[in-house]
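Since the structure is predicted, the reported quantities are computational estimates derived from the model, not experimental observations.
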Amino acid sequence: MHIQNGVLDPVTLVVTGTAAVGAVTYAGVQLRKGEKRWGLAAAGAGAVLVAHLLDVPLGMGGTLTAHVIGGTLLAVALGPWLGVLTMTGVLAFEALVLGDGGRAALGANVLIMAVAGVLVGWAVYRAVLLAVARWRGEPPGDRWIVLAAGVAAWVSVAASSLVLWGVYAMGAPSQLAARAWSVSIPHHLAWAVLEAAATAAIVAVGLAWAGHRARALAHADTMGVGHRQVPVIDGDLEALG
């Protein structure tokens, strides 16, 4: 989903770059009000980087590829603001060090994957959990958290794909923009199924591990052994140890 150099016109590069700087700055300001989980963020960045390296060309002369984004997973694990900053760091490393995604187009790629991908995923995830809580009259259980993460991941990829097409429509040659709509959108929507499955599976494993640790530590408490709790998935998941 990375946009390469030479695809967008200078005006679009300036507009998307300015918007990206504004969004990332806002995320940084908001992060100052909450807990900063830098160790988990570093682990998440490494996992997302590996996922981004598994590119699948979409047959547009190498200008577009598809891969698992990981935006929703970062949002669920880190919260929206640290998720945005973590994804931005990954994209900057890819552009500046690995040459994956144009340096001039970094702002556009941040808007597509860090801003739209993370924030839309977070909003849908929370909305699904809130709807389930109101419907059932009780906090959502693990299966609903897994379902919410999967649905949010699919929607986030769809949102990123639409933002991608919007950027192409604004600043790419008309023929390339038309092909982006006809070629990339269907591929990305299909690819979103893999994103949803991967996100749901990882969240399910995390919840299962947290439950196992909770049971083990509850048993330890009966033996008079203390423990500490460290939030991992924005209050929904805990790593106990």
Side-chain angles (χ1 to χ4, degrees), residues 1-27 44-45 48-49 51-58 60 62-75 80-81 83-96 98-124 152-173 176-192 194-196 199:
M1 196 172 277
H2 294 70
I3 299 176
Q4 305 300 326
N5 284 330
V7 176
L8 303 176
D9 61 40
V11 173
T12 302
L13 292 175
V14 171
V15 170
T16 55
T18 301
V21 169
V24 172
T25 301
Y26 182 80
V48 169
L49 178 61
H52 284 194
L53 295 177
L54 304 177
D55 283 338
V56 176
L58 294 183
M60 295 182 62
T63 58
L64 279 179
T65 58
H67 54 73
V68 172
I69 299 174
T72 297
L73 187 61
L74 289 180
W81 310 121
V84 168
L85 296 179
T86 301
M87 182 68 78
T88 300
V90 170
L91 294 173
F93 180 83
E94 291 172 345
L96 300 176
L98 303 181
D100 188 8
R103 296 182 180 182
L106 178 59
N109 289 324
V110 167
L111 279 182
I112 293 164
M113 287 175 274
V115 178
V118 173
L119 296 185
V120 170
W122 169 253
V124 173
W154 191 93
V155 176
S156 74
V157 174
S160 291
S161 187
L162 289 174
V163 174
L164 171 69
W165 177 80
V167 170
Y168 262 65
M170 181 171 64
L176 192 58
R179 292 192 64 197
W181 176 262
S182 62
V183 175
S184 72
I185 296 291
H187 280 80
H188 285 149
L189 293 181
W191 197 264
L194 175 61
E195 179 106 13
T199 301

Among all residues two or more places apart in sequence or in another chain, which pass the ring pair (Phe, Tyr, Trp, His ring centres under 6.0 Å) test with Y26?
W81

Minimal non-hydrogen separation, [X] against [Y], with atom names:
X	Y	result
L8	A172	CD2-N, 4.1 Å
S156	G117	CB-O, 3.3 Å
G121	A152	O-CB, 3.2 Å

Are side-chain heavy atoms of T72 and E195 found at a separation under 4.5 Å?
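A side-chain contact under 4.5 Å is absent here.
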
State, yes or no, whether a side-chain contact exists between L74 and W122 at a heavy-atom distance under 4.5 Å.
no

Let me check something: any side-chain donor-acceptor pairs from residues 106-115 under 3.5 Å, sequence neighbours excluded? List them with distances.
residue : atom : partner : partner atom : Å
N109    : OD1  : I3      : N            : 2.8
N109    : ND2  : I3      : O            : 3.2
N109    : ND2  : A105    : O            : 3.4

Give a yes or no on whether the backbone of G101 and the side-chain of E94 come within a donor-acceptor separation of less than 3.5 Å.
no

Treating S160 as the side-chain partner and V157 as the backbone partner, does any N or O pair qualify as donor plus acceptor under 3.5 Å?
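No; judged by distance alone, with no hydrogens or angles, the pair does not exist.
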
List in chain and number order the residues that pass side-chain contact (heavy atoms from CB on, under 4.5 Å) with L85, two or more places apart in sequence or in another chain; answer none if no residue qualifies.
V24, A27, L31

side-chain contact (heavy atoms from CB on, under 4.5 Å) against V120, all qualifying residues, sequence neighbours excluded:
V124, V155, A159

For T199, enumerate each residue passing the side chain to side chain donor-acceptor pair (under 3.5 Å) test, keeping only those at least two apart in sequence or located in another chain.
none

Candidate pair Q4 and D100, rule side-chain contact (heavy atoms from CB on, under 4.5 Å), full reasoning:
CA-CA 8 Å; Q4 305 300 326; D100 188 8; 4.2 Å; yes

In this structure, CG of L98 is separated from NE2 of H52 (nearest 0.5 Å) by 12.0 Å

All pairs passing side-chain hydrogen bond (donor to acceptor under 3.5 Å, both in side chains) where residues 7-25 contributes a residue, at least two apart
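Residue pairs with at least one partner in residues 7-25: D9-T12.
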
